[in-house]
K.L.:
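Sharing a structure here in structure tokens format.
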There are 2 protein chains.
Amino acid sequence: MNILEQITLNLEKLSKSERKVANVIQASPKTAIHSSIAALAKMADVSEPTVNRFCRRMDTKGFPDFKLHLAQSLANGTPYVNRHVEETDTVEDYTNKIYEATLASLDRSRQMVDTAAINRAVDILTQAKKISFFGLGASAAVAQDALNKFFRFNVPVLSFQDALMQRMSCINSTEGDVVVLISHTGRTKSLVEIAAMAKENDATVIAITAKDSPLAHACHLVISTEIPEDTDLYMPMASRIGQLVIIDVLATGFTLRRGSKFRDNLQKVKQGIKDSRFTAPPITKT
Amino acid sequence: MNILEQITLNLEKLSKSERKVANVIQASPKTAIHSSIAALAKMADVSEPTVNRFCRRMDTKGFPDFKLHLAQSLANGTPYVNRHVEETDTVEDYTNKIYEATLASLDRSRQMVDTAAINRAVDILTQAKKISFFGLGASAAVAQDALNKFFRFNVPVLSFQDALMQRMSCINSTEGDVVVLISHTGRTKSLVEIAAMAKENDATVIAITAKDSPLAHACHLVISTEIPEDTDLYMPMASRIGQLVIIDVLATGFTLRRGSKFRDNLQKVKQGIKDSRFTAPPITKT
DNA sequence: CTAACAAATGTAATTTAATTACAGTTTAAT
DNA sequence: ATTAAACTGTAATTAAATTACATTTGTTAG
């Protein structure tokens, strides 16, 4: 889909002259989209038909079509090349790579997100007598964040980081309770176990996790973030950010479903924390 | 900048025929970018020069240039229009809006991030005898996440959610200690106070916060996320995600700086948590 | 080592698309 | 009702892209 990626990908399959074209385009794609085929040919020191052949090889109809695709790729800033951090990277390098990887994951997640599942989750949450958010490791921070958000809604909500406390909480759960379990892999034994416990006690179990995972099978409703990240090997990065956005979406759905009277409540919470802050400076638009 | 917006904006200033062109383009911009000027003229039931005149009026050089701009506008889905969630939004609507807002904020943050500050922060962190991460509210979850990451590095690291514990910890800090304070607004009184305390005890104080804020002035080094989000009015969403990415970048910089021997250590931590998980299924590339 | 064929590249011709110049038509104001 | 200005279309022109074909380069088998 992304042309710049495709150029990098097929670079070896190109002929010598075609590669010259590729280099010129990669060097300054912004110039490329504003150039005619003649100008580009000159820059790459090849003939015009060579440029045209290059475009065709990139699965486009011709030069104008190629420019269109290029323009679209460029519009996304620097495009989502899934480059891994290397030892020799400078600060700029690895900073950019991490931002890009995160952006790419989020974008993918957006495209794949199951809004029907979101909707059902919001349904369940709005009707809950009590909501619990549980996660371990990196997902514990996500659970904590969810607590912070839902706490503002004046709804009974709790979160524990301690696996034993989580367990006890689930054993004591009853009908009307909703347990939200967060795990990227869906293979954390302890969470799968408490999912079963909560289920047995007639609580509703929602999981923000990988679909088809043990945890996914152990609960009533799964919201999948669809972010491919091997947390067995690497530290969780994009995965937990995807989870947080899901939390945002759920919290937003929750406030919308509860209606406008309910939102007055939010303002009260905001007022409550105001005194803990220094006053904001007059707004000067940057 | 965005052509589709600009069309809507200048719609009244167009002549009758030009408006026909505008309508056709707005109706299906995707078709428009793949059409010739002749085809578009036919669709809008006007002459070719009218289409050309329309393009010029949109501040483009001509029809091909217009198509380029249009393609770019289209690439961003609906781009960075800071659309707020509305009461009448469907699940799809608000889900998309939240994803888009998050993506836009992150993209902006990426462009503004101060890599020099990142680099200095990594310097300081790698030389730290002890690292503390403190935040309150939504930023507490971020601090917790940082704890989870840096804990893997086998470095003395701690984090408290309790403002009093944070305070006590800072009072007892000494030279060589590094305190990382996280706050979106930089106006949380308690954090500004402990920044001063830590500083007095010769600890190095790093803040992930808004520049020119009280907290920013109270510490040695500021890393700004440059995400405009009014957390006085709305719940923190994109802001904390920006903070998390900064944590990722710092953690990555940390591992790179420490060299390869150090990274063996990470593998040990990974092995250690392996038993708590169910085994992963054989990798089937999707 | 060279003949012969295939792949690659460029030149020139052709086709297609976009733009300009100009003329006819509509519209609005006096 | 008349006139001027703005609008729109037709036809001519120019520019751009594509195709067809010729030449060169490289590679392999004899």
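What you see is a predicted model; the values in this text were computed from it and never measured.
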K.L.:
Between C:dT9 atom C1' and A:Arg19 atom CZ, what is the distance in whole Å?
P.N.:
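In whole Å, C:dT9 C1' lies 15 Å from A:Arg19 CZ.
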
K.L.:
Output the rounded distance in Å from CG (B:Leu40) to P (C:dA18).
P.N.:
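These atoms are roughly 9 Å apart.
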
K.L.:
Quick one: do B:Glu18 and B:Arg53 make a salt bridge, cutoff under 4.0 Å?
P.N.:
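A salt bridge is absent here (no side-chain N lies under 4.0 Å from a carboxylate O).
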
K.L.:
Specify the residues of residues 42-55 of chain B, ordered by number, for which at least one heavy atom lies under 4.0 angstrom from an atom of DNA chain D.
P.N.:
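By residue number: B:Val46, B:Ser47, B:Pro49, B:Thr50, B:Arg53.
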
K.L.:
Only one of A:Ile25, A:Val51, A:Asp45, A:Thr50 clears side-chain contact (heavy atoms from CB on, under 4.5 Å) with A:Lys20; which?
P.N.:
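Filter result, single survivor: A:Asp45.
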
K.L.:
Hey, could you give me each pair passing ring pair (Phe, Tyr, Trp, His ring centres under 6.0 Å) that has a residue in residues 19-64 of chain A? Not counting sequence neighbours.
P.N.:
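Ring pair (Phe, Tyr, Trp, His ring centres under 6.0 Å) check on residues 19-64 of chain A returns A:Phe54-A:Phe66.
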
K.L.:
How many angstroms lie between CD in A:Glu100 and CG in A:Asn96, if you round to the nearest 0.5 Å?
P.N.:
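Spacing of CD (A:Glu100) from CG (A:Asn96) equals 5.5 Å.
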
K.L.:
Please tell me if B:Ser15 has a side-chain N or O lying less than 4.0 Å from either OP1 or OP2 of D:dA6.
P.N.:
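It does not, given that no N or O in the side chain of B:Ser15 lies less than 4.0 Å from OP1 or OP2 of D:dA6.
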
K.L.:
Report the distance from atom CG of A:Asp65 to atom C1' of D:dA16, rounded to the nearest whole Å.
P.N.:
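For the pair A:Asp65 CG and D:dA16 C1', the rounded distance is 16 Å.
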
K.L.:
Could you tell me how far apart A:Glu18 (CD) and C:dG10 (C1') are, to the nearest whole angstrom?
P.N.:
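The answer, rounded to whole Å, is 13 Å.
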
K.L.:
Please name all residues satisfying side chain to side chain contact (heavy atoms under 4.5 Å, CB included) with B:Ala216, sequence neighbours left out, ordered by chain then number.
P.N.:
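Side chain to side chain contact (heavy atoms under 4.5 Å, CB included) list for B:Ala216, sorted by chain: B:Thr209, B:Ser213, B:Val222.
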
K.L.:
Apply the test side chain to side chain contact (heavy atoms under 4.5 Å, CB included) to residues B:Ile246 and B:Val113: give CA-CA distance (whole Å), side-chain angles for both, the deciding distance (0.1 Å), then the verdict.
P.N.:
CA-CA 9 Å; B:Ile246 296 290; B:Val113 69; 4.0 Å; yes

K.L.:
Under 4.0 Å between a side-chain N/O of A:Lys16 and OP1 or OP2 of C:dA7, yes or no?
P.N.:
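Checking A:Lys16 against C:dA7: no side-chain N or O falls below 4.0 Å of OP1 or OP2.
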
K.L.:
How close or far is atom P of D:dT14 from atom CD1 of B:Ile37, stated in whole angstroms?
P.N.:
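Atom-to-atom, B:Ile37 to D:dT14, this comes out as 18 Å.
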
K.L.:
Are any of A:Ser17's side-chain N or O atoms less than 4.0 Å away from OP1 or OP2 of C:dT9?
P.N.:
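The answer is yes; a side-chain N or O of A:Ser17 sits under 4.0 Å from OP1 or OP2.
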
K.L.:
Is there a side-chain polar atom (N or O) of B:Arg56 under 4.0 Å from OP1 or OP2 of C:dT20?
P.N.:
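Result: yes.
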
K.L.:
Specify the separation, in whole Å, of atom CZ of B:Phe63 and atom C1' of D:dA16.
P.N.:
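Going from B:Phe63 (CZ) to D:dA16 (C1'), I get 14 Å.
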
K.L.:
CZ/B:Arg257 to CG/B:Leu250 distance, rounded to the nearest 0.5 angstrom?
P.N.:
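Nearest 0.5 Å value for the CZ-CG distance: 11.0 Å.
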
K.L.:
Whole angstrom is fine here: how far is it from CZ in A:Phe66 over to C1' in D:dT18?
P.N.:
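Going from CZ in A:Phe66 over to C1' in D:dT18 covers 17 Å.
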
